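None of the values given here were measured: they were computed from a predicted structure.
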Amino acid sequence: QVQLVESGGGLVQPGGSLRLSCAASGRIFSITTMGWYRQVPGKERELVAQIDNNRFTRYADSVKGRFTISNNNAVNTVYLQMNSLRPEDTAVYYCNFYFPYGPSGAMDHWGKGILVTVSA
C-alpha cells in the first residue's frame, strides 16, 4: 500500500530553478534508497539522483553541480533541487523508493511521474 506523490513540476525558463518533492505514505522501511529518474518519449528511463539510508548520494553526470537530492525521513519525503535548468532537462520525472529487505524480498515503488518543461 505504498503510495508516492510527486509535486513541484511545471514550466521554467532556461537557467531557472525548480524543486521537486515526493511524499510517501504507507509502510516505509528504515533501509531505503530514494531516487529520481526521468524519461523522454522514445528514450529509456534514466537515473538522475539517488540517496540511501547512509546519506550517500549519486548523480548522473549531466546534472552534477546543478541538482541536489535530499530527504526528510521524519515525513518520508525526498526532494530534488534543480538549478541552472537547461532545455535538455525537459522530461517526466519519477520518484522511486527501493526497499532491498522488504517482507517479500526487494520492493520497488514508483510515483506516477511529474512533467518538467524548460523552455524560453
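Remark: the backbone N or O of Gly113 is paired with a side-chain donor or acceptor of Glu6 at under 3.5 angstrom. At distances below 3.5 Å, not a single donor-acceptor pair connects side-chain atoms of Asn73 with backbone N or O atoms of Asn76. In terms of modelled atom types and a separation under 3.5 Å, the side chain of Ser62 and the main chain of Ala60 share no donor-acceptor contact.
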Would Tyr37 and Trp110 satisfy ring-ring contact (aromatic ring centres under 6.0 Å, His included), going step by step from the backbone distance to the final call? CA-CA 10 Å; Tyr37 293 71; Trp110 295 91; 5.0 Å; yes

Taking it one step at a time, do Phe67 and Ser84 satisfy side chain to side chain contact (heavy atoms under 4.5 Å, CB included)? CA-CA 8 Å; Phe67 291 10; Ser84 302; over 6 Å; no

Walk me through whether Trp36 and Asn96 qualify under side chain to side chain contact (heavy atoms under 4.5 Å, CB included). CA-CA 6 Å; Trp36 289 94; Asn96 173 260; over 6 Å; no

Apply side chain to side chain contact (heavy atoms under 4.5 Å, CB included) to residues Thr32 and Asn53 and explain how you reach the verdict. CA-CA 6 Å; Thr32 302; Asn53 52 290; 5.8 Å; no

Can Lys112 and Val5 be said to form a side chain to side chain contact (heavy atoms under 4.5 Å, CB included), step by step? CA-CA 7 Å; Lys112 60 184 177 182; Val5 180; 5.9 Å; no

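Nearest heavy atoms, Val78 versus Cys95: CG1-SG, 3.8 Å. Between Gly10 and Leu18, the closest heavy-atom pair is O-CD1, 4.0 Å. For Ser25 against Ile28, the heavy-atom pair with the smallest separation is O-CD1, 4.3 Å. Smallest separation of non-hydrogen atoms from Gly8 and Ile114: N-CD1, 3.6 Å. Of all heavy-atom pairs spanning Leu115 and Ala91, the tightest one is CD1-O, 3.6 Å. The shortest heavy-atom contact between Pro14 and Ala120 is CD-N, 3.5 Å.
When each of Tyr94, Phe29, Phe99 is tested with His109 by the rule ring-ring contact (aromatic ring centres under 6.0 Å, His included), just one qualifies, namely Phe99. Checked options Leu20, Asn72, Thr68; the residue passing with Tyr79 is Asn72 (criterion: side chain to side chain contact (heavy atoms under 4.5 Å, CB included)).
The environment of CD in Glu44 is sparse: at most 12 heavy-atom neighbours from other residues, nucleotides or ligands sit within 6.0 Å.
Residues Tyr93 and Arg38 bring a donor and an acceptor atom of their side chains to less than 3.5 Å of each other. With no hydrogens or angles considered, a side-chain donor-acceptor pair links Asn83 and Ser17 at under 3.5 Å. For Arg19 and Gln81, the side-chain atoms include no donor-acceptor pair closer than 3.5 Å.
No continuous path of hydrophobic side-chain contacts links Tyr98 to Met34 [ILVMFWY only; heavy atoms under 4.5 Å]. Hydrophobic clustering (side-chain heavy atoms under 4.5 Å, transitive across Ile, Leu, Val, Met, Phe, Trp, Tyr) keeps Val118 apart from Val92.
Once rounded to the nearest 0.5 Å, the distance linking CZ of Arg58 with CD1 of Ile51 reads 13.0 Å.
Considering only heavy atoms from C-beta on, Pro100 comes within 4.5 Å of Ile31 through its side chain. Taking 4.5 Å as the limit, every side-chain heavy atom of Asn71 sits out of range of all side-chain heavy atoms of Thr77.
Between Arg86 and Asp89 there is no salt bridge, since no side-chain N of the basic residue sits under 4.0 Å from a carboxylate O of the acidic one.
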